[in-house]
Asker: 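Attaching a single structure in structure tokens format; questions to follow.
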Amino acid sequence: MEETNELMRQRKEKLNEIREAGIDPYPHRYAPTHTTSGILQEFEDVNETPDETNRVTIAGRIMTKRDHGKSSFAHLQDSTGQIQIYVRRDDIGADSYRIYRRFDVGDIIGASGVVFRTRTGELTILVDAVELLSKSIRPLPEKWHGLQDKQTRYRQRYADLIMNPEVKEVFVQRTKIVQAIRDMLNEQNFMEVETPVLQPIYGGASARPFTTYHNTLDQPLYLRIANELYLKRLIVGGLNRVYEFSRDFRNEGMDRDHNPEFTMLELYLAYADYLEVMELTENLIAQTVEKIHSTTKITYQDQKLDFTPPWRRITMTESIQEYSDFDPEALSAHELYTKASNAGIELAGDESKGEIIAELFDVYVESKLIQPTFIYDYPIEVSPFAKKKPENPELVERFEFFISGMEVGNAFSELNDPIDQRQRFMEQASKLAKGDEEAFMVDEDYLRALEYGMPPTGGLGIGIDRLTMLLTDQYSIRDVILFPQMRPEN
RNA sequence: GCGCCGUUAGCUCAAUUGGCAGAGCAUCUGACUCUUAAUCAGAGGGUUGAAGGUUCGAUUCCUUCACGGCGCACCA
């Protein structure tokens, strides 16, 4: 892709002039002694008189440049912030100054000098040596309005990160969120593990997979839609507390909270049920919010959210009763079907009562759950890996939690009865045979593992991207993923 | 998949009813050794996302396409 415009042509010309002067425009190393923000802190007390004891060397990108004949001001940006430099011909020498004048906004340079304060009070480096570290031949966006175009920002995240410091902050926060969760789990003796991304049989969720092919094995492989079944194999193996930050892939639509690849934390805890996992969940997330924001009350898109435990707990059918004008438990399958049709839900006609209830929940309830809320006791038909409730075999011990109308996590008492699990697989297999693209295949090896015996286990999945959206006040999942999926430009 | 909106100089944005495509920043030349959206004087920079149509004339109206945003549908 050879792009040519006047500005790039001029910059390449300057690049050649610098080379012809015997200077390497792309040298190999440089040794800064300070960062820009470090200087602003350390030299807070310096005055207008330059003093040799306040000597620093920094490296950064030129973000603004104001040339005045035989002197020049510029702002350099490094990973920590920006600082002003003041360059005078008499300080760096005529030859150096001639080269300096060929530097552009966007170039990465190194500078040495002493820190002082300008007449207008800005902490500044009075430079006596500059060095080009990397010549930029593509002009940056305009300094005042920055880079606004969403398409360019997502496609050229590097330019977005240079121009919009608040974007970088979001991703710093994302890393801190993951780190906070990891630290807490490690403290609680969870073991971080890695399981296959390429799976011969996909499962653990309902979603269409991405399919690929291994040439040597001569067989199809699937990018994981979940890692659930692998982590539970480890529970069988005696790793009683395991977790993985799993990049999962689902071949489905994209919108403000769906990207084809996304990050899910899954964890499994032997000898626990879903009630214990519920407590773990609200504590884990509340403490994460606390670590990031020093409070459990935050604002997301003008909504006040309170993460302080305990969170509200309500069963799925109760929640439908609360947000609709009927009690789903009091209705027959036929009456529920009518309610769903009236609510605009498209049904094939062969849906079970439980499937219709799940649909009604989506329509009547999900978007209304603003404060962190546990919805629990799900229909068995939509929960093939969850354990039945002892007193009601139509329901399973499962919960999801919702924040700001978004599903953020999913958990259950894991089904460990191998006979029951085989039946559930058979139901999925028959759905798959009927053309349900989100049903999945029987995983005989997983059943074999259960047959050895899996302890009672609680499991949890948390959508890390969505959690990050909430904690960084971002409206779209694309703003918490560095390189969101996009169609090719041409 | 459907609907609405958008795409104009490197960037951010204008362009009246269909009538010579503009500004600011950036760039180039000159002046300027405490400026900070530096200032002053001058200059260059455009296949208006692509292809077609209507018209004497299209950035503007119509059709198709591409990409993006938002909403809906899908995604338990």
Side-chain angles (χ1 to χ4, degrees), chain A residues 3-11 13-14 48 50 63-75 82-92 97 102 104-106 116-124 126 136-156 159 162-163 205-208 225 250-260 262 316 344-346 351-352 354-363 365-366 375 378-384 386 396 398 400 407 410 431 436-439 475-476 478-479 484 486-490:
Chain A
E3 275 181 63
T4 50
N5 65 52
E6 183 63 14
L7 298 177
M8 290 187 65
R9 196 191 53 73
Q10 287 166 347
R11 283 174 176 237
E13 237 169 58
K14 291 181 193 173
E48 295 184 15
M63 298 303 289
T64 62
K65 192 160 177 264
R66 295 174 292 282
D67 290 333
H68 302 86
K70 299 183 188 64
S71 75
S72 170
F73 288 93
H75 275 94
Q82 293 195 359
I83 196 165
Q84 180 170 256
I85 60 170
Y86 182 32
V87 181
R88 292 188 299 204
R89 192 188 63 174
D90 293 350
D91 294 330
I92 68 168
Y97 197 72
R102 311 315 287 162
D104 288 302
V105 168
F116 78 113
R117 202 169 283 282
T118 63
R119 208 175 281 160
T120 52
E122 179 163 353
L123 209 61
T124 300
L126 181 61
S136 162
I137 60 168
R138 185 177 292 272
L140 285 176
E142 188 231 338
K143 64 186 170 188
W144 193 243
H145 298 92
L147 180 59
Q148 301 293 334
D149 182 68
K150 275 212 156 42
Q151 182 164 185
T152 311
R153 291 183 46 209
Y154 295 146
R155 288 191 195 282
Q156 303 182 30
I162 292 168
M163 297 308 299
S206 300
R208 285 146 70 195
I225 59 173
R250 297 186 182 176
N251 203 339
E252 285 168 355
M254 296 157 61
D255 59 29
R256 94 161 176 102
D257 53 9
H258 291 85
N259 193 66
F262 64 102
M316 178 172 273
I345 298 167
E346 283 177 35
E351 285 83 0
S352 66
E355 285 169 316
I356 298 172
I357 286 174
E359 293 282 348
L360 287 167
F361 171 82
D362 285 349
V363 171
V365 186
E366 180 164 359
I375 299 294
Y378 276 60
I380 188 168
E381 298 92 331
V382 297
S383 314
V396 293
R398 173 182 178 189
E400 292 185 312
E407 179 198 333
N410 180 23
K431 280 187 179 182
D436 182 345
E437 289 187 309
E438 282 161 7
Y475 180 75
S476 168
R478 286 184 294 272
D479 292 315
M486 302 281 275
R487 285 180 197 271
E489 284 176 74
N490 295 313

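Protein chains get the first letters and strands the later ones, always in sequence-line order, with residue 1 at the start of each. Both backbone and side-chain heavy atoms feed into the values below; hydrogens, waters and symmetry mates do not.
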Asker: Let me know the distance between CG of Leu123(A) and P of C34(B), rounded to the nearest Å.
Answerer: 19 Å
Asker: If you go through the side-chain atoms of Asp67(A), does one of them form a donor-acceptor pair with the base of C32(B) closer than 3.5 Å?
Answerer: no
Asker: Between P on U47(B) and CG on Asn5(A), what's the gap in Å once rounded to a whole number?
Answerer: 11 Å
Asker: Calculate the interatomic distance between Glu6(A) atom CD and A43(B) atom C1'; express it in whole Å.
Answerer: 11 Å
Asker: Applying a 4.0 Å non-hydrogen cut-off, can you work out what Phe116(A) is touching in the nucleic acid: base, sugar-phosphate, or nothing?
Answerer: base
Asker: On a plain distance test, is the side chain of Arg66(A) in donor-acceptor contact with the base of A37(B) below 3.5 Å?
Answerer: no
Asker: Look at Arg250(A) and C75(B) and indicate whether a side-chain polar atom (N or O) is within less than 4.0 Å of OP1 or OP2.
Answerer: no
Asker: To the closest 0.5 Å, what do you measure between CZ (Arg66(A)) and NE2 (His75(A))?
Answerer: 5.5 Å
Asker: I want to check one thing: is the phosphate of U33(B), taken as OP1 and OP2, less than 4.0 Å away from some side-chain N or O of Arg89(A)?
Answerer: no
Asker: Check every strand shown and say whether Asp255(A) touches a base, only sugar-phosphate, or nothing at a heavy-atom separation below 4.0 Å.
Answerer: base
Asker: Looking at C75(B), U12(B), A26(B), which one has an atom nearest to any side-chain atom of Leu147(A)?
Answerer: U12(B)
Asker: Name the nucleic acid region contacted by Pro488(A), choosing base, sugar-phosphate or nothing; use a 4.0 angstrom heavy-atom cut-off, strictly under.
Answerer: sugar-phosphate
Asker: For G6(B) versus G44(B), give the span between their C1' atoms, rounded off to a whole number of Å.
Answerer: 30 Å
Asker: So do Glu381(A) and Ile357(A) actually touch side chain to side chain, heavy atoms under 4.5 Å?
Answerer: no
Asker: Can you tell me how far C1' in U55(B) sits from the matching atom in C61(B), rounded to whole Å?
Answerer: 10 Å
Asker: So, is Arg487(A) close to the G68(B) phosphate, meaning a side-chain N or O under 4.0 Å from OP1 or OP2?
Answerer: yes
Asker: Does CZ belonging to Arg9(A) count more than 12 external heavy atoms closer than 6.0 Å?
Answerer: yes
Asker: For the CZ atom of Arg119(A) and the OG1 atom of Thr124(A), what is their distance to the nearest 0.5 Å?
Answerer: 12.5 Å
Asker: Is a donor-acceptor contact shorter than 3.5 angstrom present between the side chain of His145(A) and the base of C11(B)?
Answerer: no
Asker: How far apart are the closest heavy atoms of Ala358(A) and Val382(A), and which atoms are they?
Answerer: CB-CG1, 4.1 Å
Asker: In dot-bracket form, how is RNA chain B paired, counting a Watson-Crick or G-U wobble pair only if both its distances are under 3.5 Å and using | for bases paired to another strand?
Answerer: (((((((..((((.....[..)))).(((((.......))))).....(((((..]....))))))))))))....
Asker: What distance, rounded to whole Å, do you find between the two P atoms, one in C5(B) and one in A43(B)?
Answerer: 41 Å
Asker: Would you say Arg155(A) reaches C67(B)'s phosphate, i.e. side-chain N/O to OP1/OP2 under 4.0 Å?
Answerer: no
Asker: Taking atom P of G30(B) as reference, at what distance in whole Å does atom NE2 of His68(A) sit?
Answerer: 17 Å
Asker: Starting the side chain at C-beta, find the nucleotide from A76(B), C70(B), U33(B) nearest to Arg478(A).
Answerer: C70(B)
Asker: When you compare G46(B) with U16(B), how far apart are their C1' atoms, in angstrom units rounded to a whole number?
Answerer: 22 Å
Asker: Between U12(B) and A26(B), how many Å separate the two P atoms, rounded to a whole number?
Answerer: 15 Å
Asker: What's Tyr378(A) touching, base or sugar-phosphate or nothing? Going by heavy atoms closer than 4.0 Å.
Answerer: nothing
Asker: Do the non-hydrogen side-chain atoms of Met8(A) and Arg138(A) ever get within less than 4.5 Å of each other?
Answerer: yes
Asker: Can you tell me how far C1' in A9(B) sits from the matching atom in G45(B), rounded to whole Å?
Answerer: 6 Å
Asker: Measuring from Glu48(A):CD to Arg117(A):CZ, what's the distance to the nearest 0.5 Å?
Answerer: 8.5 Å
Asker: Say you pick atom C1' in C70(B) and the same atom in G10(B); how far apart are they, in whole Å?
Answerer: 28 Å
Asker: If you check the Lys150(A) side chain, which of C13(B), A26(B), G69(B) turns out closest?
Answerer: G69(B)
Asker: Rounded to whole angstroms, how far apart are CD on Gln151(A) and P on C11(B)?
Answerer: 12 Å
Asker: At under 4.0 Å, does any side-chain N or O of Lys65(A) touch on OP1 or OP2 of A26(B)?
Answerer: no
Asker: Taking C-beta and beyond as the side chain, do Ile137(A) and Lys14(A) meet within less than 4.5 Å on heavy atoms?
Answerer: no
Asker: To the nearest 0.5 Å, what is the distance between CE (Met163(A)) and NE2 (His145(A))?
Answerer: 11.5 Å
Asker: Within the structure shown, what part of the strands sits under 4.0 Å from Arg398(A) by heavy-atom distance: base, sugar-phosphate, or nothing?
Answerer: base
Asker: Consider the side chain of Arg88(A), meaning its heavy atoms from C-beta on, and name the nucleotide among G69(B), U33(B), G10(B) that approaches it most closely.
Answerer: U33(B)
Asker: For a quick check of understanding: with a heavy-atom distance under 4.0 Å over all strands, which category does Arg11(A) fall into, base, sugar-phosphate or nothing?
Answerer: nothing
Asker: Whole angstroms only, please: what is the CD1-P distance between Ile83(A) and U35(B)?
Answerer: 18 Å
Asker: Map Met486(A) and Arg256(A) onto RNA chain B by nearest heavy atom, then report which one ends up closer to the 5' terminus.
Answerer: Met486(A)
Asker: Return the nearest nucleotide to the side chain of Tyr86(A); candidates are C34(B), C75(B), U12(B).
Answerer: C34(B)
Asker: Using the side-chain heavy atoms of Asp362(A), tell me which of these nucleotides is nearest: U35(B), G10(B), A76(B).
Answerer: A76(B)
Asker: Got a sec, which residues hit ring-ring contact (aromatic ring centres under 6.0 Å, His included) with His68(A), two or more places apart in sequence or on another chain?
Answerer: Phe73(A)
Asker: Relative to the 5' end of RNA chain B, which residue comes earlier, Arg102(A) or Gly121(A), by the nucleotide with the nearest heavy atom?
Answerer: Arg102(A)
Asker: Report the nucleotide, chosen from G69(B), C75(B), U35(B), that has the shortest atom-to-atom distance to any side-chain atom of Glu252(A).
Answerer: C75(B)
Asker: Looking at U35(B), does its base get a donor-acceptor pair with the side chain of Gln84(A) below 3.5 Å?
Answerer: yes
Asker: Applying a 4.0 Å non-hydrogen cut-off, can you work out what Glu122(A) is touching in the nucleic acid: base, sugar-phosphate, or nothing?
Answerer: base
Asker: Would you mind reading off the distance between Asp104(A) atom CG and A26(B) atom P, rounded to a whole angstrom?
Answerer: 12 Å
Asker: Can you tell me, in whole Å, how much space there is between the C1' of A76(B) and that of U64(B)?
Answerer: 38 Å
Asker: Whole angstroms only, please: what is the CD-C1' distance between Glu355(A) and A76(B)?
Answerer: 9 Å
Asker: Can you tell me how far CD of Glu400(A) sits from CD1 of Ile375(A), rounded to the nearest 0.5 angstrom?
Answerer: 9.0 Å
